[in-house]
Amino acid sequence: MLWKCFRCFAEDPQQEISVGIIHGKIYSLKELLHATNNFHNDNKIGEGGFGSVYWGRTTKGVEIAVKRLKAMTAKAEMEFAVEVEILGRVRHKNLLGLRGFYAGGDERLIVYDFMPNHSLITHLHGQLAADCLLDWPRRMNIAVGSAEGLAAKKPLEKLPGGIKRDIVQWAKPYVQKGDFEHIADPRLKGKYDNVQLRKVVVIAMRCADGNPENRPSMLQVVEWLKDSVGRRTKRVQLVKDAASEEDDDDEGDGDITDYEGAEMEKSTKRMVRKETRMR
Ligand SMILES: Nc1ncnc2c1ncn2[C@@H]1O[C@H](COP(=O)(O)OP(=O)(O)OP(=O)(O)O)[C@@H](O)[C@H]1O
């Protein structure tokens with residue numbers, strides 16, 4: 001249904017659309033072929049589950065990234081429709097900006113803003129990991145920012161099951177033992193906030209709970225993560241301002257208090273043990 005909508009817009013290739021909830025430009029194939037040098041291999045900047053991504057430059061000099069879906073399966077059609085529909089509807093500083101798309105024949109192309117700083121995975125595990133540019137505070141900011149981006153897309157939705165179960169399986173025994181240090185990236189060389197680490201791991205385990213009912217919404221995740229970051233700032237301020245009698249006991253709605261944090265950690269360990277027994 002949604003797809004038929006795109007098709008009828010695509011009749012006029014240069015049309016700018018801003019109909020109802022969708023914003024974006026319908027590019028012509030010629031324009032995108034020209035921008036990417038006919039999808040030349042040298043322009044290829046990445047490969048995802050649904051297709052390849054190419055760097056390009058429009059005639060106006062704007063750098064773009066063009067995702068070219070590889071196979072016209074029903075799943076790929078769905079990915080295309082969902083991506084264009086959701087990114088076309090939401091604008092958020094932490095979400096990749098959609099510039100537009102092309103759909104015609106067997107060709108499905110999605111045009112995004114070009115992001116020059118490489119992917120997060122490249123910084124964490126790829127060519128740039130050795131430089132370790134992402135220290136702990138930056139990682140915490142990325143965690144909060146990503147959660148905010150996801151919450152902007154679908155605020156009350158929970159993360160789908162089955163994601164990255166390999167990491168969860170790997171982390172479980174350490175969570176069970178309370179050995180959180182083992183989970184921290186060794187590249188950080190111990191330079192991280194222990195309390196924040198525990199909270200982030202507990203939140204991550206909650207998001208990966210086998211029972212969807214127990215998974216928190218993205219809004220809840222944002223609240224918890226922000227609270228973890230805020231608490232550290234408060235602690236640092238307290239140490240600096242040792243002479244002051246003011247305490248940091250201003251827990252508002254939605255904060256994870258130390259008591260709640262400890263309870264969450266305990267119940268997460270219980271959950272992990274239960275899931276392990278069920279295997
Ligand atoms: N807008 C962009 N700017 C710069 N590089 C990009 C951009 N979009 C994607 N890339 C690069 O292309 C790679 C593949 O992106 P793509 O969105 O196809 O897949 P993915 O998000 O890694 O996985 P999946 O297909 O499962 O969503 C990314 O890892 C990144 O290196």
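All ligand and atom numbering here is 1-based and tracks the order in the structure. If you read the sequence from its start, that first residue is 1, and numbering goes on from there. Quick caveat, the model's predicted, so the values are computed rather than measured.
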Check: every ligand 1 N/O to protein N/O pair under 3.5 Å:
| unit_1 | atom_1 | unit_2 | atom_2 | d |
| --- | --- | --- | --- | --- |
| ligand 1 | 1 (N) | D113 | O | 2.8 |
| ligand 1 | 3 (N) | M115 | N | 2.9 |
| ligand 1 | 17 (O) | K67 | NZ | 3.2 |
| ligand 1 | 25 (O) | G49 | N | 2.7 |

How does the hydrophobic cluster around L219 look, that is, which other residues are in it when side-chain heavy atoms under 4.5 Å mark a link?
-> L156
Would one find more than 12 heavy atoms of other residues, nucleotides or ligands at under 6.0 Å from atom CE of M115?
-> yes
Residues in ring-ring contact (aromatic ring centres under 6.0 Å, His included) with Y174, at least two apart?
-> W170, H182
Would you find a donor on one side and an acceptor on the other, under 3.5 Å apart, between the side chain of N94 and the backbone of G145?
-> yes
With R68 as the cation and F39 as the aromatic partner, state whether NZ or CZ is under 6.0 Å from the six-membered ring centre and within 45° of the axis.
-> yes
Should side-chain heavy atoms under 4.5 Å link Ile, Leu, Val, Met, Phe, Trp and Tyr, which residues sit in the same cluster as L124?
-> L120, L134, I142
